[in-house]
Amino acid sequence: MVPSKFAYHKPSTVKEAIALLATHGDDSKILSGGHSLVPVLKLRLNDPEHIIDVSGIDSMGGIRDNEKSITIGANSTHGEIANNAALKEHAPMVALAASMIGDIQVRNFGTIGGSIAHADPAADWPAVLLAADANVVLSHAGGQREVDIDQFFKGLFMTAMGEEEIITAIRIPKTAFNKNSTYVKFPQPASRFALVGCAAAISNSDGYITEARVAFSGVSATPFRDSNVEKSLKGSVLNEGSIATATASVADGVSIMSDHFAAEKYRKHMAGVYARKALSALA
Amino acid sequence: MKVPVSITVNGKQYDKMVEPRMLLVYFIREELALTGTHIGCDTSSCGSCTIHLDGKALKSCTMLAVQANGKSVTTIEGMANGEELHPLQEGFHMEHGLQCGFCTPGMIMCAADILKNNPTPTEEEIRHGLEGNFCRCTGYHNIVKSIQYAAKKMA
(Lines give C-alpha, C1' and ligand atoms only; values in the text may rest on other atoms or scores of the structure.)
Protein backbone atom coordinates (compact mmCIF):
# COMPACT_ATOMS: atom_id res chain seq x y z
CA MET A 1 0.00 0.00 0.00
CA VAL A 2 1.27 3.42 -0.97
CA PRO A 3 -0.11 6.76 0.23
CA SER A 4 -1.25 9.44 -2.22
CA LYS A 5 1.32 12.09 -3.14
CA PHE A 6 1.98 14.89 -0.71
CA ALA A 7 4.57 17.56 0.05
CA TYR A 8 6.60 17.02 3.21
CA HIS A 9 7.50 19.78 5.67
CA LYS A 10 9.64 19.48 8.76
CA PRO A 11 9.41 22.59 10.94
CA SER A 12 11.72 22.94 13.93
CA THR A 13 9.49 25.16 16.07
CA VAL A 14 5.81 25.20 17.02
CA LYS A 15 5.55 28.67 15.47
CA GLU A 16 6.78 27.41 12.10
CA ALA A 17 4.41 24.45 12.29
CA ILE A 18 1.43 26.71 12.99
CA ALA A 19 2.43 28.99 10.10
CA LEU A 20 2.47 25.96 7.79
CA LEU A 21 -0.97 24.92 9.08
CA ALA A 22 -2.26 28.45 8.43
CA THR A 23 -0.93 28.35 4.87
CA HIS A 24 -2.15 24.88 3.94
CA GLY A 25 -5.19 24.58 6.23
CA ASP A 26 -7.55 21.81 5.25
CA ASP A 27 -5.05 20.24 2.88
CA SER A 28 -2.54 19.46 5.61
CA LYS A 29 -2.06 16.93 8.39
CA ILE A 30 0.28 16.90 11.37
CA LEU A 31 2.65 13.92 11.67
CA SER A 32 4.50 13.01 14.86
CA GLY A 33 5.30 9.30 15.25
CA GLY A 34 2.98 8.51 12.37
CA HIS A 35 1.51 5.40 13.95
CA SER A 36 -2.07 6.59 13.49
CA LEU A 37 -1.56 8.76 10.42
CA VAL A 38 0.64 6.55 8.23
CA PRO A 39 -1.86 3.63 8.31
CA VAL A 40 -4.61 6.12 7.42
CA LEU A 41 -2.52 7.45 4.50
CA LYS A 42 -1.76 3.94 3.28
CA LEU A 43 -5.43 3.00 3.28
CA ARG A 44 -6.11 6.35 1.58
CA LEU A 45 -8.78 7.14 4.14
CA ASN A 46 -7.25 10.60 3.97
CA ASP A 47 -5.11 12.15 1.27
CA PRO A 48 -3.65 15.44 2.53
CA GLU A 49 -1.52 17.45 0.12
CA HIS A 50 0.84 18.54 2.86
CA ILE A 51 2.34 16.60 5.75
CA ILE A 52 3.82 18.66 8.57
CA ASP A 53 6.26 16.53 10.57
CA VAL A 54 6.48 17.93 14.11
CA SER A 55 8.75 15.18 15.46
CA GLY A 56 11.78 17.48 15.31
CA ILE A 57 10.24 20.15 17.55
CA ASP A 58 12.20 19.88 20.81
CA SER A 59 9.70 21.78 22.96
CA MET A 60 7.06 19.11 22.21
CA GLY A 61 9.16 16.30 23.68
CA GLY A 62 9.94 15.10 27.18
CA ILE A 63 7.96 14.50 30.35
CA ARG A 64 8.28 17.17 33.05
CA ASP A 65 7.53 16.52 36.70
CA ASN A 66 6.12 19.82 38.02
CA GLU A 67 4.88 20.65 41.52
CA LYS A 68 1.17 20.15 40.85
CA SER A 69 1.11 18.27 37.57
CA ILE A 70 3.11 16.17 35.14
CA THR A 71 3.43 17.63 31.67
CA ILE A 72 3.76 15.06 28.90
CA GLY A 73 5.12 16.55 25.69
CA ALA A 74 2.87 15.62 22.76
CA ASN A 75 5.78 13.92 20.98
CA SER A 76 6.38 11.54 23.92
CA THR A 77 6.13 7.93 22.81
CA HIS A 78 3.92 5.41 24.58
CA GLY A 79 7.15 3.61 25.55
CA GLU A 80 8.60 6.71 27.21
CA ILE A 81 5.37 7.22 29.13
CA ALA A 82 5.22 3.56 30.22
CA ASN A 83 8.70 3.82 31.72
CA ASN A 84 8.41 7.26 33.33
CA ALA A 85 9.06 7.12 37.08
CA ALA A 86 7.00 10.23 37.98
CA LEU A 87 3.93 8.92 36.13
CA LYS A 88 4.32 5.47 37.69
CA GLU A 89 4.26 7.12 41.11
CA HIS A 90 1.64 9.85 40.65
CA ALA A 91 -0.66 8.37 38.01
CA PRO A 92 0.01 4.64 37.66
CA MET A 93 -2.91 4.11 35.25
CA VAL A 94 -1.21 6.42 32.73
CA ALA A 95 2.02 4.41 32.69
CA LEU A 96 0.09 1.13 32.79
CA ALA A 97 -2.14 2.02 29.85
CA ALA A 98 0.89 3.14 27.83
CA SER A 99 2.51 -0.26 28.42
CA MET A 100 -0.61 -1.97 27.00
CA ILE A 101 -0.82 -0.02 23.72
CA GLY A 102 -0.12 -2.02 20.55
CA ASP A 103 3.20 -3.83 20.82
CA ILE A 104 6.87 -2.98 21.45
CA GLN A 105 7.33 -1.58 17.95
CA VAL A 106 4.26 0.65 18.17
CA ARG A 107 5.17 1.86 21.66
CA ASN A 108 8.67 2.78 20.46
CA PHE A 109 7.39 5.33 17.94
CA GLY A 110 3.67 6.04 18.42
CA THR A 111 3.04 9.25 20.37
CA ILE A 112 0.37 10.37 22.83
CA GLY A 113 -0.25 13.61 20.93
CA GLY A 114 -0.78 11.80 17.65
CA SER A 115 -3.03 9.22 19.25
CA ILE A 116 -5.40 11.69 20.90
CA ALA A 117 -5.49 13.96 17.84
CA HIS A 118 -6.55 10.92 15.82
CA ALA A 119 -9.22 10.28 18.51
CA ASP A 120 -9.96 6.65 17.81
CA PRO A 121 -12.61 5.86 20.43
CA ALA A 122 -11.11 2.38 20.90
CA ALA A 123 -7.64 3.73 21.69
CA ASP A 124 -6.45 3.41 25.29
CA TRP A 125 -5.68 7.08 25.97
CA PRO A 126 -9.22 8.52 26.03
CA ALA A 127 -10.41 6.46 29.03
CA VAL A 128 -7.24 7.12 30.99
CA LEU A 129 -7.05 10.85 30.30
CA LEU A 130 -10.76 11.28 31.14
CA ALA A 131 -10.30 9.48 34.45
CA ALA A 132 -7.12 11.47 35.14
CA ASP A 133 -8.85 14.86 34.66
CA ALA A 134 -6.12 15.74 32.16
CA ASN A 135 -5.79 18.98 30.25
CA VAL A 136 -4.77 19.17 26.60
CA VAL A 137 -2.47 22.06 25.72
CA LEU A 138 -3.23 23.43 22.25
CA SER A 139 -1.02 25.98 20.51
CA HIS A 140 -2.26 28.36 17.86
CA ALA A 141 -1.01 31.53 16.18
CA GLY A 142 -2.19 33.73 19.07
CA GLY A 143 -0.65 31.62 21.85
CA GLN A 144 -1.98 28.56 23.63
CA ARG A 145 -5.07 27.35 25.46
CA GLU A 146 -5.79 24.42 27.71
CA VAL A 147 -8.83 22.29 27.06
CA ASP A 148 -10.33 20.19 29.82
CA ILE A 149 -10.30 16.57 28.65
CA ASP A 150 -14.07 16.35 29.32
CA GLN A 151 -14.47 18.85 26.47
CA PHE A 152 -11.86 17.34 24.13
CA PHE A 153 -13.29 14.15 22.60
CA LYS A 154 -16.29 15.01 20.46
CA GLY A 155 -17.11 11.73 18.76
CA LEU A 156 -15.69 9.22 16.30
CA PHE A 157 -12.28 10.66 15.27
CA MET A 158 -13.52 14.12 16.35
CA THR A 159 -11.93 16.50 18.84
CA ALA A 160 -12.26 20.08 20.05
CA MET A 161 -9.07 21.08 18.21
CA GLY A 162 -9.31 24.01 15.85
CA GLU A 163 -8.05 23.60 12.29
CA GLU A 164 -5.00 25.73 12.96
CA GLU A 165 -4.11 24.26 16.34
CA ILE A 166 -1.47 21.74 17.38
CA ILE A 167 -1.44 19.60 20.52
CA THR A 168 1.82 20.47 22.24
CA ALA A 169 1.36 18.77 25.62
CA ILE A 170 -0.95 16.84 27.93
CA ARG A 171 -1.08 17.75 31.61
CA ILE A 172 -1.86 15.18 34.29
CA PRO A 173 -2.72 16.75 37.66
CA LYS A 174 -1.11 15.28 40.76
CA THR A 175 -4.22 14.32 42.69
CA ALA A 176 -5.05 11.71 45.30
CA PHE A 177 -7.32 9.89 42.82
CA ASN A 178 -4.60 9.72 40.17
CA LYS A 179 -2.18 8.25 42.68
CA ASN A 180 -4.67 5.43 43.29
CA SER A 181 -5.63 4.47 39.75
CA THR A 182 -5.57 1.61 37.30
CA TYR A 183 -6.48 0.63 33.75
CA VAL A 184 -7.76 -2.68 32.43
CA LYS A 185 -8.62 -3.64 28.89
CA PHE A 186 -10.36 -6.30 26.87
CA PRO A 187 -8.28 -6.06 23.69
CA GLN A 188 -9.27 -6.94 20.18
CA PRO A 189 -6.83 -9.84 19.75
CA ALA A 190 -5.14 -8.73 16.51
CA SER A 191 -5.12 -4.95 16.73
CA ARG A 192 -4.88 -4.64 20.55
CA PHE A 193 -7.35 -1.78 20.41
CA ALA A 194 -9.86 -1.82 23.26
CA LEU A 195 -13.19 -3.56 22.81
CA VAL A 196 -13.54 -2.28 26.36
CA GLY A 197 -10.95 -0.19 28.17
CA CYS A 198 -11.77 0.94 31.71
CA ALA A 199 -9.75 3.44 33.72
CA ALA A 200 -10.59 3.93 37.39
CA ALA A 201 -9.19 6.48 39.84
CA ILE A 202 -10.34 6.74 43.42
CA SER A 203 -9.47 8.89 46.42
CA ASN A 204 -10.43 7.95 49.97
CA SER A 205 -10.67 9.71 53.30
CA ASP A 206 -10.97 7.60 56.45
CA GLY A 207 -11.84 4.66 54.22
CA TYR A 208 -14.71 6.44 52.45
CA ILE A 209 -14.52 7.37 48.78
CA THR A 210 -14.20 11.14 48.32
CA GLU A 211 -13.80 11.09 44.56
CA ALA A 212 -14.36 8.36 41.98
CA ARG A 213 -13.60 8.68 38.30
CA VAL A 214 -14.47 5.79 35.99
CA ALA A 215 -14.06 6.18 32.23
CA PHE A 216 -14.34 3.97 29.16
CA SER A 217 -12.68 3.58 25.78
CA GLY A 218 -13.98 1.29 23.07
CA VAL A 219 -17.56 1.19 24.33
CA SER A 220 -19.05 4.28 22.71
CA ALA A 221 -18.03 6.36 19.67
CA THR A 222 -17.36 9.12 22.19
CA PRO A 223 -15.21 8.01 25.13
CA PHE A 224 -17.03 8.84 28.37
CA ARG A 225 -17.00 8.91 32.15
CA ASP A 226 -19.85 6.97 33.72
CA SER A 227 -21.40 9.43 36.17
CA ASN A 228 -23.86 6.84 37.53
CA VAL A 229 -21.01 4.59 38.60
CA GLU A 230 -19.05 7.52 40.03
CA LYS A 231 -22.02 8.88 42.02
CA SER A 232 -22.86 5.47 43.40
CA LEU A 233 -19.30 4.97 44.65
CA LYS A 234 -18.85 8.39 46.23
CA GLY A 235 -19.22 8.30 50.01
CA SER A 236 -19.15 4.52 50.22
CA VAL A 237 -16.41 2.10 51.22
CA LEU A 238 -14.83 0.41 48.20
CA ASN A 239 -15.61 -3.28 48.60
CA GLU A 240 -17.30 -6.12 46.76
CA GLY A 241 -20.76 -4.89 47.68
CA SER A 242 -20.32 -1.24 46.70
CA ILE A 243 -18.58 -2.27 43.47
CA ALA A 244 -21.44 -4.64 42.57
CA THR A 245 -24.04 -1.94 43.26
CA ALA A 246 -22.14 0.76 41.34
CA THR A 247 -21.51 -1.42 38.29
CA ALA A 248 -24.96 -2.98 38.03
CA SER A 249 -25.90 -0.69 35.16
CA VAL A 250 -22.65 0.42 33.55
CA ALA A 251 -23.04 2.52 30.39
CA ASP A 252 -26.80 2.96 30.85
CA GLY A 253 -28.13 5.65 28.56
CA VAL A 254 -24.96 5.62 26.49
CA SER A 255 -25.01 4.95 22.76
CA ILE A 256 -22.93 1.78 22.50
CA MET A 257 -20.89 0.72 19.46
CA SER A 258 -21.74 -2.54 17.74
CA ASP A 259 -19.62 -4.28 15.14
CA HIS A 260 -18.38 -7.69 14.00
CA PHE A 261 -15.98 -7.84 16.97
CA ALA A 262 -18.58 -7.22 19.66
CA ALA A 263 -22.30 -6.61 19.45
CA GLU A 264 -23.91 -3.88 21.52
CA LYS A 265 -25.28 -6.13 24.25
CA TYR A 266 -22.00 -8.01 24.64
CA ARG A 267 -19.95 -4.80 24.77
CA LYS A 268 -22.23 -3.34 27.44
CA HIS A 269 -21.92 -6.51 29.48
CA MET A 270 -18.14 -6.52 29.14
CA ALA A 271 -18.00 -2.85 30.16
CA GLY A 272 -19.53 -3.93 33.47
CA VAL A 273 -17.12 -6.84 33.80
CA TYR A 274 -14.09 -4.61 33.18
CA ALA A 275 -15.39 -1.87 35.49
CA ARG A 276 -15.56 -4.49 38.26
CA LYS A 277 -12.04 -5.68 37.41
CA ALA A 278 -10.65 -2.13 37.57
CA LEU A 279 -12.42 -1.19 40.79
CA SER A 280 -11.59 -4.51 42.48
CA ALA A 281 -7.92 -3.88 41.75
CA LEU A 282 -8.15 -0.66 43.77
CA ALA A 283 -10.18 -2.15 46.65
CA MET B 1 8.52 16.02 -5.93
CA LYS B 2 11.42 13.94 -4.66
CA VAL B 3 13.33 15.09 -1.62
CA PRO B 4 16.86 14.21 -0.46
CA VAL B 5 17.35 11.80 2.43
CA SER B 6 20.49 10.59 4.10
CA ILE B 7 19.93 7.36 5.99
CA THR B 8 22.60 5.14 7.49
CA VAL B 9 21.74 1.48 7.01
CA ASN B 10 23.83 -1.23 8.65
CA GLY B 11 26.64 1.27 9.16
CA LYS B 12 26.71 2.60 5.61
CA GLN B 13 25.34 6.03 4.71
CA TYR B 14 22.99 6.24 1.74
CA ASP B 15 22.10 9.58 0.14
CA LYS B 16 19.05 9.20 -2.09
CA MET B 17 16.22 11.19 -3.62
CA VAL B 18 12.85 9.75 -2.60
CA GLU B 19 9.19 10.64 -2.90
CA PRO B 20 7.91 11.75 0.53
CA ARG B 21 5.21 9.06 0.32
CA MET B 22 7.76 6.25 0.07
CA LEU B 23 7.53 3.93 3.06
CA LEU B 24 10.76 3.07 4.85
CA VAL B 25 10.27 -0.64 4.08
CA TYR B 26 10.23 0.09 0.34
CA PHE B 27 13.32 2.29 0.70
CA ILE B 28 15.10 -0.65 2.32
CA ARG B 29 13.85 -3.32 -0.08
CA GLU B 30 13.68 -1.47 -3.39
CA GLU B 31 16.19 1.39 -3.18
CA LEU B 32 18.82 -0.60 -1.29
CA ALA B 33 17.83 -4.12 -2.42
CA LEU B 34 18.01 -5.40 1.17
CA THR B 35 15.22 -7.93 0.90
CA GLY B 36 15.71 -9.60 4.27
CA THR B 37 13.13 -7.17 5.64
CA HIS B 38 9.78 -8.65 4.63
CA ILE B 39 6.35 -7.20 3.96
CA GLY B 40 3.64 -9.41 5.41
CA CYS B 41 0.38 -7.72 6.31
CA ASP B 42 1.27 -4.16 5.29
CA THR B 43 -1.05 -2.94 8.09
CA SER B 44 1.30 -2.70 11.11
CA SER B 45 0.03 -5.98 12.52
CA CYS B 46 2.37 -8.84 11.60
CA GLY B 47 5.84 -7.49 12.43
CA SER B 48 7.71 -9.16 9.56
CA CYS B 49 9.01 -5.73 8.44
CA THR B 50 10.59 -5.02 11.85
CA ILE B 51 13.92 -3.20 11.73
CA HIS B 52 15.74 -0.99 14.23
CA LEU B 53 15.68 2.80 13.93
CA ASP B 54 18.27 4.40 16.18
CA GLY B 55 18.36 1.13 18.12
CA LYS B 56 14.62 0.68 18.62
CA ALA B 57 12.41 -1.91 16.95
CA LEU B 58 10.08 -0.38 14.36
CA LYS B 59 7.58 -1.75 11.88
CA SER B 60 9.12 -0.22 8.78
CA CYS B 61 5.82 -0.37 6.86
CA THR B 62 4.49 2.21 9.31
CA MET B 63 7.04 4.94 8.72
CA LEU B 64 7.90 7.13 5.79
CA ALA B 65 11.48 7.04 4.56
CA VAL B 66 11.65 10.83 5.07
CA GLN B 67 10.93 10.30 8.77
CA ALA B 68 14.15 8.28 9.00
CA ASN B 69 16.21 11.06 7.41
CA GLY B 70 19.44 11.57 9.36
CA LYS B 71 18.84 8.42 11.39
CA SER B 72 20.41 5.03 11.64
CA VAL B 73 18.72 1.81 10.51
CA THR B 74 19.71 -1.78 11.28
CA THR B 75 18.15 -4.58 9.27
CA ILE B 76 18.55 -8.35 9.57
CA GLU B 77 21.47 -8.10 7.11
CA GLY B 78 23.31 -5.98 9.69
CA MET B 79 23.01 -8.43 12.58
CA ALA B 80 25.82 -10.91 11.80
CA ASN B 81 29.42 -9.95 12.38
CA GLY B 82 30.97 -11.07 9.09
CA GLU B 83 30.69 -14.84 9.01
CA GLU B 84 29.81 -14.99 12.68
CA LEU B 85 26.07 -15.18 13.27
CA HIS B 86 24.40 -12.97 15.85
CA PRO B 87 23.47 -15.06 18.93
CA LEU B 88 19.80 -14.69 17.95
CA GLN B 89 20.50 -16.00 14.45
CA GLU B 90 22.48 -18.87 15.95
CA GLY B 91 19.62 -19.52 18.39
CA PHE B 92 17.02 -19.76 15.61
CA HIS B 93 19.37 -22.17 13.80
CA MET B 94 20.11 -24.34 16.85
CA GLU B 95 16.57 -24.46 18.24
CA HIS B 96 14.78 -24.85 14.90
CA GLY B 97 13.16 -21.43 15.40
CA LEU B 98 11.86 -21.24 11.85
CA GLN B 99 9.75 -23.29 9.50
CA CYS B 100 8.99 -21.26 6.35
CA GLY B 101 11.22 -18.43 7.62
CA PHE B 102 9.08 -15.53 6.44
CA CYS B 103 8.55 -14.04 9.91
CA THR B 104 12.10 -14.80 11.09
CA PRO B 105 13.87 -11.50 10.30
CA GLY B 106 11.12 -9.57 12.09
CA MET B 107 11.16 -12.01 15.01
CA ILE B 108 14.92 -11.60 15.39
CA MET B 109 14.80 -7.81 15.19
CA CYS B 110 12.00 -7.65 17.77
CA ALA B 111 13.78 -10.16 20.00
CA ALA B 112 16.92 -8.01 19.89
CA ASP B 113 14.87 -5.10 21.28
CA ILE B 114 13.42 -7.34 24.01
CA LEU B 115 16.89 -8.53 25.06
CA LYS B 116 18.38 -5.03 24.93
CA ASN B 117 15.89 -3.81 27.54
CA ASN B 118 15.65 -7.07 29.47
CA PRO B 119 18.69 -9.35 29.03
CA THR B 120 17.19 -12.13 31.18
CA PRO B 121 13.51 -12.30 30.21
CA THR B 122 11.17 -14.97 31.51
CA GLU B 123 9.34 -17.15 29.01
CA GLU B 124 6.22 -15.08 29.63
CA GLU B 125 8.08 -11.82 29.02
CA ILE B 126 9.39 -13.18 25.71
CA ARG B 127 5.93 -14.28 24.62
CA HIS B 128 4.41 -10.95 25.65
CA GLY B 129 7.26 -9.07 23.91
CA LEU B 130 6.50 -10.86 20.64
CA GLU B 131 2.83 -9.82 20.62
CA GLY B 132 3.42 -7.68 17.53
CA ASN B 133 5.04 -10.48 15.50
CA PHE B 134 3.00 -13.22 13.89
CA CYS B 135 4.25 -16.64 12.79
CA ARG B 136 1.74 -18.20 10.43
CA CYS B 137 3.47 -21.58 10.77
CA THR B 138 2.61 -21.15 14.48
CA GLY B 139 6.16 -22.09 15.46
CA TYR B 140 6.09 -19.97 18.59
CA HIS B 141 7.43 -22.56 21.03
CA ASN B 142 10.74 -22.91 19.19
CA ILE B 143 10.94 -19.17 18.57
CA VAL B 144 10.78 -18.66 22.34
CA LYS B 145 13.46 -21.34 22.83
CA SER B 146 15.65 -19.65 20.21
CA ILE B 147 15.46 -16.36 22.07
CA GLN B 148 16.20 -18.09 25.39
CA TYR B 149 19.25 -19.67 23.72
CA ALA B 150 20.45 -16.22 22.63
CA ALA B 151 19.79 -14.67 26.03
CA LYS B 152 21.92 -17.36 27.66
CA LYS B 153 24.69 -16.94 25.12
CA MET B 154 24.69 -13.15 25.45
CA ALA B 155 24.68 -13.22 29.27
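Below, read A as the first sequence line, B as the second, and so on, with proteins coming before strands; counting in each chain starts at 1. This one's a predicted model, so the numbers in the text were calculated from it and none came from an experiment.
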Notebook entry, point to check: Does the side chain of V106(A) reach to within under 4.5 Å of the side chain of T62(B), using non-hydrogen atoms?
Noted result: no

Checklist line | Side chain to side chain, D42(B) and K42(A), heavy atoms closer than 4.5 Å | finding: yes

Margin query: Within the 4.5 Å heavy-atom criterion, are Y8(A) and N69(B) side-chain neighbours or not?
Written below: no

Item checked: Test item: side-chain donor near acceptor, Q105(A) and N133(B), under 3.5 Å -> yes

Item checked: Least distance between heavy atoms, G132(B) atom then D103(A) atom -> CA-OD2, 3.2 Å

Check: Does CE belonging to M1(B) count more than 12 external heavy atoms closer than 6.0 Å?
Finding: no

Next item on the list: In sequence, state the C-alpha distance, the side-chain angles, and the governing distance for V66(B) and K10(A), and then conclude on side chain to side chain contact (heavy atoms under 4.5 Å, CB included).
Entry: CA-CA 10 Å; V66(B) 286; K10(A) 194 167 184 189; over 6 Å; no

Next item on the list: Would you mind checking which part of S191(A) comes under 4.5 Å of any heavy atom in chain B, side chain (CB onward), backbone (N, CA, C, O), both or neither?
Entry: neither

Check: Closest heavy-atom contact between F109(A) and M63(B)?
Finding: CD2-CE, 3.8 Å

Margin query: Other residues, nucleotides and ligands only: do more than 12 of their heavy atoms fall within 6.0 Å of NZ on K116(B)?
Written below: yes

Notebook entry, point to check: To the nearest 0.5 Å, what is the distance between NE2 (H128(B)) and CD1 (I104(A))?
Noted result: 8.0 Å

Notebook entry, point to check: Quick one: CD on E131(B) to CE on M100(A), what's the gap to the nearest 0.5 Å?
Noted result: 9.5 Å

Check: Can you tell me how far CD of Q67(B) sits from CG of D53(A), rounded to the nearest 0.5 angstrom?
Finding: 5.5 Å

Check: How about M154(B): does its CE atom have over 12 heavy atoms from other parts shown lying under 6.0 Å from it?
Finding: yes

Margin query: Given heavy-atom pairs under 4.5 angstrom as the criterion, report whether the side chain, backbone, both or neither of L23(B) touches chain A.
Written below: side chain

Checklist line | Option in C46(B), G47(B), S44(B), G129(B) with maximal non-hydrogen atom pairs under 4.5 Å from chain A | finding: G129(B)

Item checked: Within 6.0 angstrom of M1(A) CE, more than 12 heavy atoms from elsewhere -> yes

Notebook entry, point to check: Among V3(B), L53(B), T43(B), which has the most heavy-atom pairs under 4.5 Å with chain A?
Noted result: L53(B)

Checklist line | R136(B), CZ: over 12 other non-hydrogen atoms inside 6.0 angstrom | finding: no

Next item on the list: Using a cut-off of 6.0 Å, state whether more than 12 heavy atoms not belonging to D58(A) lie near its atom CG.
Entry: no

Next item on the list: Let me know if T77(A) has heavy atoms under 4.5 Å from chain B in its side chain, its backbone, both or neither.
Entry: neither

Note to self: Using heavy-atom distances under 4.5 Å, tell me whether L31(A) contacts chain B through its side chain, its backbone, both, or neither.
What the structure shows: side chain

Margin query: If we count only N and O atoms by modelled type, under 3.5 Å, do the side chains of N108(A) and D113(B) hold a donor and an acceptor together?
Written below: yes

